[in-house]
Amino acid sequence: MDTSPMVSSMLSSLANYSNLTQGSKEHEEAENNEEARKKTVQAPRMGTIMGVYLPCLQNILGVILFLRMTWLVGAGGVLGTFTIVFMCCSTVSLKHTYTTGAGGSYYMISRSLGPEFGGAVGICFYLGTTFAGAMYILGCIEILLIYIVPAAAIFKMEGLEGAEAEAALLNNMRVYGTIVLSFMALVVFVGVKYVNKLALVFLACVILSILAVYAGVIKTSFDPPDFPVCVLGNRTLVSKGFDICAKTIERGNATVTTKLWRAFCDSEFLNATCDEYFTNNNISQIQGIPGITSGILAENLFSTFMEKNSMLEKRGIPAVLDPEAPETNTNRYVLADITSFFTLLVGIYFPSVTGIMAGSNRSGDLQDAQKSIPIGTIMAIITTSIIYMSSVILFGACVDGVVLRDKFGEGVNGNLVIGTLAWPSPWVIVFGSFFSTCGAGLQSLTGAPRLLQAIARDGIIPFLRVFGHGKANGEPTWALLLTACICEIGILIASLDAVAPILSMFFLMCYMFVNLACALQTLLRTPNWRPRFKFYHWALSLLGMSLCLTLMFLCSWYYAIVAMVIASCIYKYIEFCGAEKEWGDGIRGISLSAARYALMRLEEGPPHTKNWRPQILVLMSLDAEQNVEQPRLLSLTSQLKAGKGLTIVGACVEGTYLNNQPQAQKGDQSLRKLMEVEKVKGFSQVVISSNLRDATSHLIQAGGLGGLHHNTVLVSFPRNWKQAEEHHRCRNFIEVVRETTAAHLALLVPKNISAYPSNGERFTEGHIDVWWIVHDGGMLMLLPFLLRHHKVWRKCKMRIFTVAQMDDNSIQMKKDLMTFLYHLRFDAEVEVVEMHESDISAYTYEKTLVMEQRSQILKEMHLTKNEREREVLWGDNLAYLKKMLWSPGEEVQMTWTDDTEKPNNPAVANPESIKDMNHSNVRRMHHAQKLNEVIVKKSQEAKLVLLNMPGPPKNRTGEENYMEFLEVLTEGLNRVLLVRGGGREVITIYS
């Protein structure tokens, strides 16, 4: 046979057994073996039993079982404690386990929920593991100082009462805990191979201790151990300080007082003055462990919660008590050290089931992780659940309630309570639990630094990167140092009962997100999510997640909130400062599903006016090196995004896709980098086409997706458009104006964009002036409102100038406009400027439109009876204002012509009209100059001037005249934003 015999294989596996996380053993071999440094070290691959089942068993069965399980049964009762055990075991059993990468649980969560969730929960898991180390060390010191060598206490507790005794115990725990922590950290630093070699010893201690308890339970059925408990009245007495459980004894023919008498009386004589309670009540002795056949189970079924410093009382024994008499000699009775209640018991017990991840944490060491992890983990859950549930019932059936509630065994000669039940000796449990807690503490100090190192090496939390370094063989030296410091915090708390709920929070949060990860991958039907475990269902994961969340708040609601705040802070830190990672996580899948759903909803119809916000397409230009030419366009975009909404930053590259793709990628990178600098959240898009005109048209037509598309185009006014080499930019600009008009898109054209403020500048005073010549749906008034939400423009005041003709009632018009602004909740100054109709003739086309458009507007503006009544409620001012701004007048077709242009309007198609057109351009420039003079006079000092933008010429022979008109109209103004509405209302008086 080529293979080894079965017995040999088993012995070899036992010899190689290790409860350390993967990598520990390999690092040590690499450090101590010179040859191993030159080649890859491969640890022995383990199967289900050695690799998963026994490590889980060793991690689950430990300090809580040996030090607190009997007290939990005494305080919570058999029924209450059984409920706690069942609930906690169900929580971890519902957490589906599956194979992971080398990072164990952290790898599972981060790759399923993304770096933000993974980092946050990974840190919580790390903190839980670190505080678990503190809990194990505190348990080790508690066994050492209370049950093995009480005389070793530095701060003596004998003769101290109440708070002084408690403080002395806590100080002893702190001093010895720090010493043990330092020694364990040194052992891990020097070499984890020593921890690795002792792993089998620690496992043997756990198994032998549990077997000793079950053997003792069986023995009680026919030969219960003799552990008497002395009771005064119904109060349990501390067994130290007296040898005979009686007030007096007969010695010869005389009655002699005992040490117990002298503890409660002022002298040893029979006529001494004694404690009133001592005098009025009798001394009795009960059997601490009556045995499994005694029927004590009925007495222990229900809970007996106690207040701190209350006396431990035996049920069913009468006592004489004077309620008004002061309590004396309280140090002679067994007292409750903490206030107990159900949720506290949950928090203390839950750490006993946190070892469930031991298998998945070491998946890289397994022969077949996909098979071993589910089977081994479920076997361990079933085994430990049976042990814990049977322990609850057996403890309640064998041990008296006063002994169960005696946390430190003060009433049974200072013995470990679970040890009094063990066979053949209590010392089996004492030493077994001592070595078990030492081993668990070493394992925590070995595993936690490696988890932190894995997180640090992923680079998702920048300030932790230093902890990714270590010794030459990869040992996490700096991570070990941080782990020891955090563990010391738990040591300084000095109470196992206080530390246990803390680590429960962190582990519960980890388990909750593991369940969420599994459910999420299933519900999203991720193609690469293919769990091999055939009994898995997503509903079980959701149930497990709900149980975890419930247990967090049951254990301690304020600890739960603190843990969530810590996780949230880490999440936001990673989101804003962490390195970007793409791991194909489930959160991205949720985002895609939510985006798809939202896009489908947007297809149902256009947004209501109340929900309108500028969805901006920013047309940028790139130079020959694919760098952005006018970065201030994005500064203005950022300042306008107080309204949030969509932002698409587009640019064009001339050429073919196959030949110019690298240039397009470089241009896209330039856009993204500038967007990041200007803090513009949106999308970038670079289009390649044979000419820039077509590429720009493609951007305007195809930008966005479905119902989420742009409604506003932002393009800079062409510089140096009169120069021949820039003529193509001029034509491209006019075509953009034409296309946005045809597509019913709003258009924003900033002139002198280089003079616009950057995001770092601040205006401490000044005005934003709006010249409202034509009603454009409210864009002119909405834009200053959005700008003033940004810190650059926040201190600027808004002024609105509207133009009235000579025959208009300017006073009434101003009142109407102020009323309109009041109902719109805009804070602005209002001024009406009177001008001749000819001076604004360039806008007449915008005011009257062509016949078809004019008829459609009049039809839409025809007010129904209800609408008219609604407007009457606020003075009919809005209707009047609309009349002033939209009233039909004599139709005049605005054209930009030269001498050879033919009229396109039948109304003017006659020789006289043609004769008039010869001088139309000259007159138009004259009127533009007059309007410009008025604007400059009023707004020359304004920080920004917003002005209606006239429409472009329909034919291409008048383009230069159109550009010249815009130049004349804006001459002498530093910053001008030309605005052209999209043909729909964008503001409303209704919230």
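Hydrogens, waters and symmetry mates play no part in the numbers below; they use all other heavy atoms, side chains included.
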Say whether, by atom type as modelled, one donor and one acceptor occur between the side chain of [X] and the main chain of [Y] under 3.5 angstrom.
X      : Y      : value
Ser303 : Phe305 : no
Trp261 : Ser267 : yes
Asp406 : Val402 : no
Thr257 : Thr248 : no
Asn281 : Leu232 : no
Thr258 : Ala246 : yes

Closest non-hydrogen atom pair, Pro228 against Gln287: N-OE1, 4.0 Å
Does the side chain of [Y] come within less than 4.5 Å of [X]'s, by heavy atoms?
X      : Y      : value
Asp497 : Arg68  : yes
Thr354 : Tyr511 : yes
Val353 : Thr384 : no
Pro501 : Tyr559 : yes
Asp400 : Val229 : no

Might you confirm whether atom [atom1] of [X] has over 12 heavy atoms from other residues, nucleotides or ligands at distances under 6.0 Å?
X      : atom1 : result
Phe269 : CZ    : no
Glu250 : CD    : yes
Phe183 : CZ    : no

salt_bridge(Glu313, Arg405) N-O dist < 4.0 Å: no
Sidechain N-carboxylate O distance under 4.0 Å for Glu410, Arg332: no
Distance under 6.0 Å and angle within 45° of ring axis: Lys407 vs Trp71: yes
Exercise: do Tyr53 and Ser372 side chains pair donor with acceptor under 3.5 Å: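 Side chains of Tyr53 and Ser372: no pair found under 3.5 Å.
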Residue pairs passing the disulfide bond (SG atoms under 2.5 Å apart) test where at least one lies in residues 290-352, sequence neighbours excluded: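 Pairs touching residues 290-352 that pass the test: none.
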Test: Cys230-Cys245 SG spacing under 2.5 Å: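 Correct, these two cysteines form a disulfide.
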Non-neighbouring partners of Arg262 that pass salt bridge (Lys or Arg N to Asp or Glu O under 4.0 Å), sequence neighbours left out: Glu268
Centroid-centroid distance, Phe553 to Trp557, less than 6.0 Å: no
Ring pair (Phe, Tyr, Trp, His ring centres under 6.0 Å) partners of Tyr349, counting only residues at least two apart: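 Per chain and number, Tyr349 pairs via ring pair (Phe, Tyr, Trp, His ring centres under 6.0 Å) with Tyr388.
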